[in-house]
Amino acid sequence: MVKKIFSGVQPTGNLHLGNYLGAIKNFVELSNDQTSECVFCVVDLHAITVRQDPKELQNNIRETVATFVASGIDPKKSIIFNQSRVSAHSEAAWILGCSAPMGWLNRMTQFKEKAGKDKEKASIGLYSYPVLMAADILLYDTTHVPVGDDQKQHLELCRDIAQKFNNDYGLTDFLKVPEPLIQKQFSRIMSLKDGLKKMSKSEISDLSRINLTDDKSQIVNKIKKAKTDPLPMPSNFGELEKRPEARNLLGIYASVTNSNLEDLIKEFSGKNFSQFKESLSQVLVDKISPISLEIKKLLNDKKYLDEILLDGYEKANKIASKKIENIREIVGF
Ligand code: AQP
């Protein structure tokens, strides 16, 4: 069976190691799998749920495309496009929003985290963000969605919305219920400054994350300054539970090198963090520097990036237009 893959990344700048290990690395593997058809979306409609500078947004859209390509996604094999160009996304979001109960949305933890204490001032877009995400996925009859662990709840909601719409209109399998593809280990990369907080683009301190555009000296410096605890490196798996920073750094190492965590613990057991950090910096530089250099190169060729987006738009629009036409008929328009 052909797997239909859909996933999105917000063009909100500072794409980081968490985005790479939690999502993009998986995109690349799937895009090279002959049995998968992949659609990767730069979700600019999602980005404006919090205020964006219009000029910066344009640059960030291109930078996200450059990051996909630099990481190894071939735009000839996968569809890469930006969401706002395909109007079916907004239309489907509205229609699905008329099926989705508010009670379901009220449970979304990302809204609670992002809206903070002053929920009254958060935009309606931020609140209904997961409905738009459901529309994105369901328009393409997606079977699998590769995402980081932080998006798990939104994906469960997407599945519920698909079933609710099918039930509301007496359909059995019109909207396909997708499966999440979340890495079993290290699906949530944490901040370098706090092992209990997710590594994130919007965190003010740049030292909290490794950006995919960081150069060698920035990577080495950030790992040197990464928070640790005063003990030597852990000697067994059980210790990690109470040592979130050690767990995160070891997890990053294991994920970047595709190695086994138990073996890594054995290798570094009892050593100083400084020794481990030296090795970690090296594996990160080896992995991230070529991507960073390629992103910078691609950003000098805006024409090429715009061509990718135009070609992706044409292909995506063809698929999404057909589905939204069916949806329009079903609801009686
Ligand atoms: N820390 C993370 N660990 C693992 N996966 C992560 N992802 C994001 N952060 C981590 C995954 O990256 C994909 C794209 O994310 P996004 O750009 O759509 O937005 P996000 O999840 O809101 O990312 P950020 O960095 O946390 O942005 P802000 O600061 O704006 O909230 C998704 O698959 C996500 O799971």
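Position 1 is the first residue of the sequence, and the numbers go up from there. When a ligand or atom number is given, it counts from 1 through the structure's own listing order.
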Asker: Tell me whether R209 contacts the main-chain N or O of M199 through its side chain, where contact means a donor paired with an acceptor under 3.5 Å.
Answerer: no
Asker: In terms of ring plane angle, is the pair F6 and F81 parallel, tilted or perpendicular, where the classes change at 30° and 60°?
Answerer: perpendicular
Asker: Using atom types as modelled and distance alone, determine if a side-chain donor or acceptor of Q153 lies under 3.5 Å from a backbone N or O of R107.
Answerer: yes
Asker: Tell me the closest heavy-atom pair linking L57 and A47, and the distance in Å.
Answerer: CD1-CB, 4.0 Å
Asker: Kindly tell me which protein residues have any non-hydrogen atom under 4.0 angstrom away from an atom of ligand 1, grouped by chain and ordered by number?
Answerer: G8, V9, Q10, H16, G18, N19, G22, A23, K114, V147, G148, D150, Q151, S187, R188, I189, K198, M199, S200, K201, S202
Asker: Has the side chain of D306 got a donor or acceptor atom that lies under 3.5 Å from a matching backbone atom of K303?
Answerer: no
Asker: Treating N166 as the side-chain partner and L175 as the backbone partner, does any N or O pair qualify as donor plus acceptor under 3.5 Å?
Answerer: yes
